[in-house]
Amino acid sequence: MSQKLRYAYYPGCSGQGTSKEYEQSTRAVCEALGMELVDIPDWSCCGSSPAHTVDHRLSSALSGRNLALAERLEGVSAILTPCPSCLTNLKVSAHKMKDPEFAAEVNALLDFPVRNTLPVKSILQAIYEDVGPDALRPKAVRLLTGLKLAPYYGCIMNRPPHIMEFDDHENPIAMDQLMEAIGAEAVTFPLKVECCGASFGVARRDIVQKLSGKLLDTAASNGADAVVTACPLCQMNLDLRQDQINVANNTSHNMPVFYYTQLIGLALGMTPSQVGLEKLEVSPMALLESLPARAEAQAQAAKKPASKGAQS
Amino acid sequence: MDKELRIVGFLCNWCSYGGADTAGVGRFVQPTDLRIIRMPCSGRIDPLFVLKTLIGGADGVLVSGCHPRDCHYAEGNYYARRRLEVLKRFLPIIGIDPGRFEYTWVSASEGQRWQHVVTSFTNQIHALGPVQRIGRQSLAKACSLGTVLEPLA
Amino acid sequence: MDALFLADDKLSAWLGELAAARRVLVPVREREAVVFRPYAAGVTPVLDRQANVPPKASVFPASEALMSFRYTKNPENLGQVAVEVHETIDAPPTVVFGGRPCDARGFLVFDRVYDTPKIQDTAYKKRRENTLFVTLACDDPQNTCFCNSIGSSPYDATGSDVLLTPVSGGYLVECASERGKELVESKLLSDGNALREEAKTVHASALSALGPAWNPSPAKAKLIEKFEDMGFWEDVSAKCISCGACTYLCPTCYCFNVTDERTGMKGERIRTWDTCMSYLFTLEASGHNPRPTKAHRLKNRVGHKFSYYPEIHGGPIACCGCGRCISLCPVSVDIREIVRLSIERPTAKPENK
Amino acid sequence: MKIGVFVCHCGSNIAGTVDVVQVAEAAKSMPEVAFAKDTMYACSEPGQQGIIDAIKEMGLDGAVVASCTPRMHGSTFMRTVARAGLNPYMFEMANIREHVSWIGKDKVANTRKAIDLVRMAVAKLAQNKPLYSQSFSINKRVMIIGGGVAGIQAALDCADGGLQVVLVEKTTTIGGKMAKLDKTFPTVDCSSCILGPRMVDVAQHPNITLHASAEVDEVFGYVGNYQVEVRKKATYVNWKTCTGCGACMEKCPSKKSKDPFNELIGTTTAINIPFPQAIPKRASIDRDSCIKFKTGKCGICAKVCPTKAIDYDQQDEMITEEVGAIIAATGFDLMDWHVYGQYGAGRYPDVITSLQYERMLSASGPTGGHIKRPSDKKEPKTIVFIQCVGSRDKSVGRPYCTGFCCMYTAKQAILTKDHIPDSESYVFYMDIRAPGKMYDEFTRRAMEEYGAKYIRGRVSMVYPQDGKMIVRGVDTLAGAQVEVEADLVVLAVGAEGAAGSAQLAEKLRISYDSYGFFMEGHPKLKPVETNTAGVYLAGCAQGPKDIPSSVAQGSAAAAKVLSLFSKDQLQSDPQVSKVDLKRCVGCMKCAITCPFGAIKETEVRGEIKAQVIETICQGCGICTSTCRQGAIQLQNFTDNQILAEVNALLSSETEEA
Amino acid sequence: MSLQDELKAQIVKRLPELDVVIGWGQGYDSLHRTPLFITSEADVDKLVFDPLCVHNLSTYLTRYGSAKRIGVVVKGCDSRSVVELLQEKLIHRDKVMVFGLPCEGVADLGKVKRALAAKDLDMGRVRAASFADGDLVVTVSGQEIRLPMAEVQADKCGRCRYHNAVIHDEFAGQPITEAAPDTYADVAAFEEQTLEERMEFWREQMERCVRCYACRNACPLCVCRDYCIGQSREPNWVSQRDGLEEKFFFQMIHATHLAGRCTECGECERACPVDIPLLLLKRKLGKEILELFDYRAGTDPDAKPPLLNFKVQEDTINERGW
């Protein structure tokens, strides 16, 4: 990594509240990986859910304002955001503004125009593409060997593919590979890109309970100890509502739901509080404490030639 | 639209001429400026035909052939593509707007595409207006102004 | 007749007077070339050097419509077509100003061909009659000039109507023909008799700058003798690239081609300059070409000028010594050298076959 | 020259928006025009007779018909002109229908345009020359590329018609896709029982030469006289001595070789005969799996072969076949369904293709006719069929309907019930397309008698859970999401042109579409012809179709060849390029750009000149635009003729001004 | 041994194998060289090589029958024409012997003329000329004038990539190692004018054309010559009228027929007796072909010329989705 990685950073509103631990671990991990995040000065709402359902132009203007602010930063190669929802709105706006007519309409609402010069990426994409699993692996001082994870990307991280232009939209593997690079095991998880119920948690809790419940069921039945996510909303539904889900579905999941940045941080040697593990509703501490023993057991098993590993 | 301009089309028989036929069969309305000359293949089109037509006073020239890989004669449009691209890039040096000449590919089935091509090309030519002709003005003008022609710097 | 004086600062005024009633062609510079163009106020004539293109087109245009024609159909029987013909002669009153003596003398060669008791080329004759030459004597000839060797001089007024000689402060103006008189009737011209002597000095110095004259007349017989000596012609034509610069820029080359150019139901019969240096000049409809190589063609050009023409037209050679065929030849073919070699080099005996 | 101009009303098709009388009147003042008239329907018998009468009465030398596109009636009127005693090439058309009257309603502008087009046609015709065809003899042999059912049918029909047939097959046996099928719809006949005898006929027919394991390398020549270079790919077994006894297969130690005949669901030996009824029944070695080739050791097959037919040093062999016509019957392949990430993109062993399922159903297949799911070899009880995988799906670039999947899916559902009576089949479909004799009845039987559960809707996702494949889809009739816990999922994968069809098309100089299917000469009227004379199409190479249609096309193509060969001599198209020897400098750039090799070097009085081989020249004119001296001119499309059209058009403007 | 003497020795050595060697000799005055056709050792003494040897002698190569063995003396630029002729199989390698030279640049007599005219002197009256310390020293009208070569050097030499003959059987002197970049700045400068100004420019230039075809006949690659379509009736691209359209269209023929072949030797422009800047048209094509196909004519005898070639997928042609 010869050249300095410097990005414009769009934190998004979740990181200020419900997913502080995501924000915290993202900043910590990026710093540790040599990725300089320059906060977009005076950033505002990305124009997500409330706006884009009402007026596309205004929604894009909200995104556009942030894009234009980011473009004025010096020496940044991309705009990064941890939140897939923000990502979608920023990218969709940038995409739509390739149409000069639409761009003119949006720019008319802004103080200074969007030049559309910087790519917008998720933090996940930046870590995966600009650092990469191969560079991450040697940096991991504490391998998470023995940890079986269901990698859950959520429904919008990779879709629609022609706008997001990252990873396979049906079977993404970026997070799988990053988790494997820090010693964890990504179990087969066919519902990687399923919907968790998203913001229906407020209006129609039954839907979240059904959809998120299914995610937890599938993760469990595929042998996962925990779920790893990249989205504040997914994390919240699976973690915060896990008790509600258990009650509604008559299940007894006790499955920690991590942000991938938290796990990378741990592997890079950070303390649980540095990555905000205490913020998780389902405590992962017991699971994490059991890891050394599991790793030992795995190593023993590997020595026996007759033993069969997990299906692959 | 203003007064008709002189637009000449050189079309290959197999694809684009057929595409223009298909547009006709589909009754796809088009501007009336274009006059089509049927060629066996876009590879038959000597760039000099285009130059002759433009210098001779046509306001626009449109060449259309089979899509690459679809040439009835296998390779004609590949040669045409190179020749015509070079020609298009050459035009500015002689003072002819390269927009007066376009080449494109339209298959025999693409009647609607043909309508689109003819309509947009005709609009483009009308936007450019009548062509300037080298023969239309004599040197008398320059002489009367006392211009001494300086060599190129 | 008296000699007159034109001061340098009156030149444009005089040109303006001349141009009031006539087309006045003056040499002007375009890039590094000097060509004759219609005079208009503001045009600066280039008088200090020979023009690249002589004023030949003034009387003998590079291309002229001899006639226009139109076909008309019998509406009752479309197969019956009638043709109407209109003769067209474009012969505006013209003054060629600032040509050199050689340029004006060139038309004397034309006259023996196009204006004879037997044959009169009406278009040529009309233009010739309508064109006057105000010629400028040369004060410092170029390296390629050889008018002295073909029986002329840098101040030869034959063929000119007015002769100008550069003198201090302006030009000595001398009438050289009856027709020239009307041109010099101008208040801008003052008495110039006092400058006659100075003009003579200019003439003498120009003549001496040309160096000793050589005599081309033996070539008349020698060129006939060398008609079959193709080795000689191949040798002297080796560098020729068969372009038409020498002939088109020659004040004496008078050959033409006639073609009908028709579009639709009407057209014109066009006469255009032709050049004997081109393969196409003698290409016959059968495909046969009596002058198939550049050696044959160069032989014709030199032979015609220095032997056949004098033979047919009673003496004068068809060259005015301007030297353009040498100076403007892309490969410097030198007609003086060829004529001299034709005289000096022994003729190869034709092989008996 | 005396030219006649005939301006067609085409009823109101032209006359409705073009003043045809005015066009004819304007034509009268055009150069060379000695006669001009409007006519109601030029192409009708009285219309044609009018043209003939005018030519004869007025002594015309040529005719311009201003009517529809020359692509429609050009040849009609050429025959008319010929009937009047003129050379048929003394004719030009002005397209004032498709290019004028049908595309605008401004009668003034249309009329002006029509007059221009007539003027241009007249100017061109004034320089037309009579052209005369050359006769040339035909090599009455036919090559058929592809030994599937269409190719087999074409080969047998041609051979029975007395032609010498060369059948070229890419794989080591003929039979094609049909040989892989267990049963056929709607009769549920045994596929190999009906195809097998035909394959044997091919092998035994005295007029058929079969090159299996062979591919077309290059094609030269032209209709009647093609030279085809065929590459016979090395099989490492001398097929002249191999008897197909199978001893080598029994002893071959490399038993885990890929088995393409069985669609990779089973394995075979490195030396193998694909299936017992293979024609030719000859063994061949798969180099990639053979231990001898991989390590240099082994050689068991050579030891056990009773006829010493094994030849590890065998090389590809090039042979040249001279034929007069070619039938391309290269069939189809399944599209690469791995683009469907939602169906696992190949990650789940229990999601298979219909053709793999077909091999599973076949008694001669790798499972001996027992349905076993690949992951654990257990008999599946719940089977989901997903139709339109790679058909009618723009998102994967396959907008067309493959057409036969509905039928074989119904057949497979029926066979599934026969094989496993307590099984349940679900079929997700978009529409059922069963427009054939007894076809719809067949699909109804699958539903009604065999209990296949047809669900109208697409499947959004297939994923494994707890040993089952969860198939999630929508039932659009019920308006509900459905999930089926399946044991096996069978995808009805759409067809595309066989691998390599684009390359073959380029060699044959025929067109192909973006899916690899060859373009027929005309979608309605020339279904088995191509735009290249002497090249015909049969079967799925032209587009997906079922067995009876493929067989019909095989016969149709054979009929076309037999008809072509019914003459001893063919007439060349005389509209070819011609060299003006005196202008030619022998630079041979024309030969470099000629796509057909129709220009050869010749020596005329010690100088190199180009010469056109008239029977090869296709009349594209690329040479004409390449030649700087204008020495090679495409007849009746000469530089002067194109220029005459340009000048006629541009001068018309000057005349108006 | 001087470069000229080395060249003479090489010609003397190889002359017995050849029917003729084409070099340069003294022309009609001290500023002019002229093509020299050497058939005997005695002729070799007349050979000259200096910056006044402007002619591209390869133009003569296609004027001999295939039986003759021709030697030709070439500068770097001239040698590219030889390569191009070989590539087009218009001459045969075994019939041509190439005497290659290094060349630091030739004089442009048009510039000499202009430089002298600026001092009220006429190039046609130059009595003596020589080279000293990088200057062209001329005597005219009794004055000695020093013209720095940098000022009177041909434009093509200032942007020359090929100072040394790129093909040769004999090479005299030491190869020159530097090569200048050609940025086609002249074309760019011209194209800063409006389209109307450009056409007016050509209008003015063409007015002067006398249709002598020196441009064509001096061109080493114009091999049609007697059968040029600019003068024929079959085909009849150009009428006999001498209107601007006809004259200009002839230049279109010349230019397009040289597309992908022209080595930009500039003989067309040098040969023009009325100084029409014809090379500009060819330079424009050369620039576009270089950009499109990364191709410079006359550098590789085995290359396939771009306009007789194609790629199924062209990387550089943006078809603009029309």
Side-chain angles (χ1 to χ4, degrees), chain B residues 4 6 8-15 17-18 20-49 52-53 56-58 61 66-67 69-80 83 107-109 111 114-115 118, chain D residues 68-72 93 95 97-106 108-110 112-113 116-117 120 124 502 505-507 509-514 519 523 531-532 575 593-596 618-627 630 634 637 639 642-643 645-647 649-654:
Chain B
E4 254 184 29
R6 190 56 85 207
V8 183
F10 293 96
L11 270 62
C12 92
N13 176 54
W14 301 97
C15 295
Y17 196 92
D21 286 350
T22 306
V25 171
R27 309 298 200 273
F28 299 146
V29 174
Q30 299 155 44
T32 51
D33 310 44
L34 177 74
R35 308 284 184 267
I36 292 171
I37 295 179
R38 188 167 66 109
M39 305 293 264
C41 175
S42 55
R44 169 69 186 89
I45 298 167
D46 191 326
L48 285 172
F49 285 131
K52 178 85 184 172
T53 309
V61 175
C66 306
H67 288 276
R69 290 175 200 272
D70 287 355
C71 177
H72 178 71
Y73 302 106
E75 297 172 354
N77 51 4
Y78 295 139
Y79 291 112
R83 293 166 177 175
S107 81
S109 61
W114 177 251
Q115 178 192 33
V118 173
Chain D
C68 50
T69 169
R71 290 162 55 92
M72 177 89 167
M93 263 179 111
N95 183 348
R97 193 178 73 177
E98 284 82 349
H99 292 188
V100 182
S101 72
W102 277 354
I103 58 168
K105 293 200 159 56
D106 180 344
V108 175
N110 281 356
R112 194 163 57 220
K113 182 171 177 181
D116 276 347
L117 294 182
M120 290 157 74
K124 184 178 183 215
E506 285 167 14
K507 288 169 190 163
R509 297 188 300 270
I510 60 178
S511 310
Y512 56 98
D513 64 19
S514 48
M519 295 287 287
N531 277 332
T532 299
Q575 207 158 290
T593 53
C594 177
F596 307 102
Q618 301 288 305
C620 63
I622 299 172
C623 55
T624 310
S625 56
T626 301
C627 179
L634 175 60
F637 278 101
D639 286 347
I642 311 292
L643 289 170
E645 288 189 77
V646 171
N647 290 338
L649 177 58
L650 296 181
S651 67
S652 79
E653 182 208 37
T654 334

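Bear in mind the structure is a predicted one, so any value in this text is a computation, not a measurement. First the proteins, then the strands, lettered A, B, ... as listed; each starts at 1.
When heavy atoms are compared at a cutoff of 4.5 Å, B/F10 approaches chain D solely by way of its side chain, counted from C-beta outward. Residue contact with chain D, scored on non-hydrogen atoms closer than 4.5 Å, involves the side chain of B/R83 exclusively. Proximity to chain B is limited to the side chain of D/L634, based on heavy atoms less than 4.5 angstrom apart. Heavy-atom distances place the side chain of B/A108, and not its backbone, under 4.5 Å from chain D. Using a 4.5 Å cut-off between heavy atoms, B/F28 touches chain D through its backbone atoms (N, CA, C, O) alone. Neither the backbone nor the side chain of D/S101 comes within less than 4.5 Å of any heavy atom of chain B. For a residue to count as touching a neighbouring chain, one of its non-hydrogen atoms must lie under 4.5 Å from one of that chain's; by this rule D/T593 touches chain B with backbone and side chain alike. Only the backbone of B/A23 comes within less than 4.5 Å of a heavy atom of chain D; no side-chain atom from C-beta onward does.
Note: B/D21 leads B/T22, B/D21, B/N13, B/L48 in heavy-atom pairs under 4.5 Å with chain D. When each of D/S511, D/C620, D/P595, D/G621 is scored by its heavy-atom pairs under 4.5 Å with chain B, the top score falls to D/C620. Comparing D/N647, D/I510, D/T69, D/T532 by heavy-atom pairs within less than 4.5 Å of chain B, the highest count is held by D/T69.
The shortest side-chain heavy-atom distance between B/R6 and D/D116 falls under the 4.5 Å cut-off. You'll find the side chain of D/L649 reaches within 4.5 Å of the side chain of B/V8, heavy atoms only. For the pair D/S625 and B/F49, the minimum side-chain heavy-atom distance is 4.5 Å or more.
Nearest heavy atoms, B/E75 versus D/I622: C-CD1, 4.4 Å. Residues B/Y73 and D/G619 come closest through the heavy atom pair OH-O, 3.7 Å.
Although no hydrogens or angles enter the test, the distance criterion places a donor-acceptor pair under 3.5 Å between the side chain of D/R71 and the main chain of B/W14. Distance alone, capped at 3.5 Å, places no donor-acceptor pair between the B/T32 side chain and the D/N110 backbone.
To the nearest 0.5 Å, atom CD1 of residue B/I36 and atom CD of residue D/E98 are 10.5 Å apart. Here D/K124 contributes atom NZ and B/R38 contributes atom CZ; the two are 6.0 Å apart, rounded to the nearest 0.5 Å. The CD atom of D/Q618 lies 11.5 Å from the SG atom of B/C41; values are rounded to the nearest 0.5 Å.
Take D/Y512 and apply the ring-ring contact (aromatic ring centres under 6.0 Å, His included) test, not counting sequence neighbours, and it matches no residue.
By the 4.0 Å N-to-carboxylate-O rule, D/D639 lies close enough to B/R44 to be salt-bridged with it. By the 4.0 Å N-to-carboxylate-O rule, B/E4 lies too far from D/K113 to be salt-bridged with it.
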Before you tell me yes or no, could you show the steps for B/Y79 and D/T626 under side chain to side chain contact (heavy atoms under 4.5 Å, CB included), namely the whole-Å CA-CA distance, both residues' side-chain angles and the distance that decides it to 0.1 Å?
CA-CA 9 Å; B/Y79 291 112; D/T626 301; over 6 Å; no
